[in-house]
Amino acid sequence: MELRDLFVGTMAGAAVVLMGAFYALFYALGKLNAHRLSLAASFFSCLGLVAATIVLTDALQLRGFWLLVPAAMVVGYLVAPMVIWRLSVDIHNDSDLQRDSRTQLNTGAER
């Protein structure tokens, strides 16, 4: 591995982290505000994530079995924001249901 590959690998690794963060941010903003522009930005961040991962894989000269590591990393980066969003929505809805049921119980007890 040459010094150039190490430098490119470092920059590609940083790009992977940034593109993953941008993807998660724009995905959440798009779901929260229902803006198509944010969802489009999350799609392009996803493409940047895949491109950075390909550059990282090439710079680190990963071959054979080791190609599973960047593949799993990309899948994790893409699936995690969706799972976290779904979990957050479910938890929020569940807490709303509990608060509503407590309010109904408290109002019934006052009568």
Side-chain angles (χ1 to χ4, degrees):
M1 178 184 282
E2 297 178 11
L3 187 59
R4 178 189 167 279
D5 290 335
L6 183 63
F7 179 74
V8 170
T10 302
M11 293 298 115
V16 165
V17 172
L18 284 175
M19 290 297 112
F22 287 146
Y23 168 68
L25 173 70
F26 290 131
Y27 181 82
L29 287 175
K31 292 294 245 176
L32 187 62
N33 300 325
H35 288 157
R36 288 184 179 252
L37 186 61
S38 294
L39 290 176
S42 74
F43 174 75
F44 287 115
S45 297
C46 176
L47 291 179
L49 172 67
V50 171
T53 303
I54 290 170
V55 171
L56 179 65
T57 302
D58 185 55
L60 297 179
Q61 302 170 0
L62 300 179
R63 304 288 180 258
F65 169 78
W66 290 105
L67 290 174
L68 293 176
V69 173
M73 180 179 65
V74 168
V75 169
Y77 265 113
L78 297 180
V79 172
M82 294 179 214
V83 171
I84 292 169
W85 177 262
R86 188 71 217 153
L87 180 64
S88 298
V89 167
D90 288 348
I91 287 173
H92 182 73
N93 288 340
D94 191 36
S95 67
D96 286 346
L97 286 174
Q98 288 178 356
R99 184 177 47 234
D100 290 344
S101 66
R102 280 193 305 251
T103 304
Q104 288 174 353
L105 287 174
N106 288 341
T107 343
E110 292 174 1
R111 291 184 188 171

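Model, not experiment: these values are computed from the prediction.
- If you chain together hydrophobic residues whose side chains sit under 4.5 Å apart, Trp66 and Val74 fall into the same group.
- We find the OG1-OH distance between Thr53 and Tyr77 to be 8.5 Å, quoted to the nearest 0.5 Å.
- Atom CG of Leu25 and atom CG of Leu18 lie 11.5 Å apart (nearest 0.5 Å).
- Val75 is not connected to Met82 by any chain of hydrophobic side-chain contacts under 4.5 Å among Ile, Leu, Val, Met, Phe, Trp and Tyr, and they are in different clusters.
- Counting heavy atoms from C-beta on, the side chains of Leu32 and Trp85 come closer than 4.5 Å.
- Between the side chain of Tyr23 and the backbone N or O of Leu78 there is at least one donor-acceptor pair closer than 3.5 Å.
- By the criterion of side-chain heavy atoms lying less than 4.5 angstrom apart, applied directly or through intervening Ile, Leu, Val, Met, Phe, Trp or Tyr residues, Phe43 is not grouped with Leu29; the two fall into different hydrophobic clusters.
- Screening Val16, Ile54, Val17 against Leu49 for a side-chain contact (heavy atoms from CB on, under 4.5 Å) leaves a single residue, Val16.
- Tracing side-chain contacts under 4.5 Å through hydrophobic residues (I, L, V, M, F, W, Y), one reaches Phe65 starting from Leu62; they form part of the same cluster.
- Remark: Gln61 CD to Asp5 CG distance equals 5.0 Å, nearest 0.5 Å.
- Between Ala52 and Ala15, the shortest heavy-atom contact is CB-CB, 3.8 Å.
- Distance CD1/Ile84 to CG/Leu87: 8.0 Å, rounded to 0.5 Å.
- Atom CZ of Arg63 sits about 6.0 Å away from atom CG of Asp58, to the nearest 0.5 Å.
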Verdict with reasoning, Leu39 to Arg36, per side chain to side chain contact (heavy atoms under 4.5 Å, CB included):
CA-CA 5 Å; Leu39 290 176; Arg36 288 184 179 252; 5.5 Å; no
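- Across all their heavy atoms, Ser45 and Phe22 have their closest contact at OG-CB, 3.5 Å.
- Leu56 has its side chain out of reach of Pro70: every pair of non-hydrogen atoms, C-beta onward, lies at least 4.5 Å apart.
- By the criterion of side-chain heavy atoms lying less than 4.5 angstrom apart, applied directly or through intervening Ile, Leu, Val, Met, Phe, Trp or Tyr residues, Val8 is not grouped with Met73; the two fall into different hydrophobic clusters.
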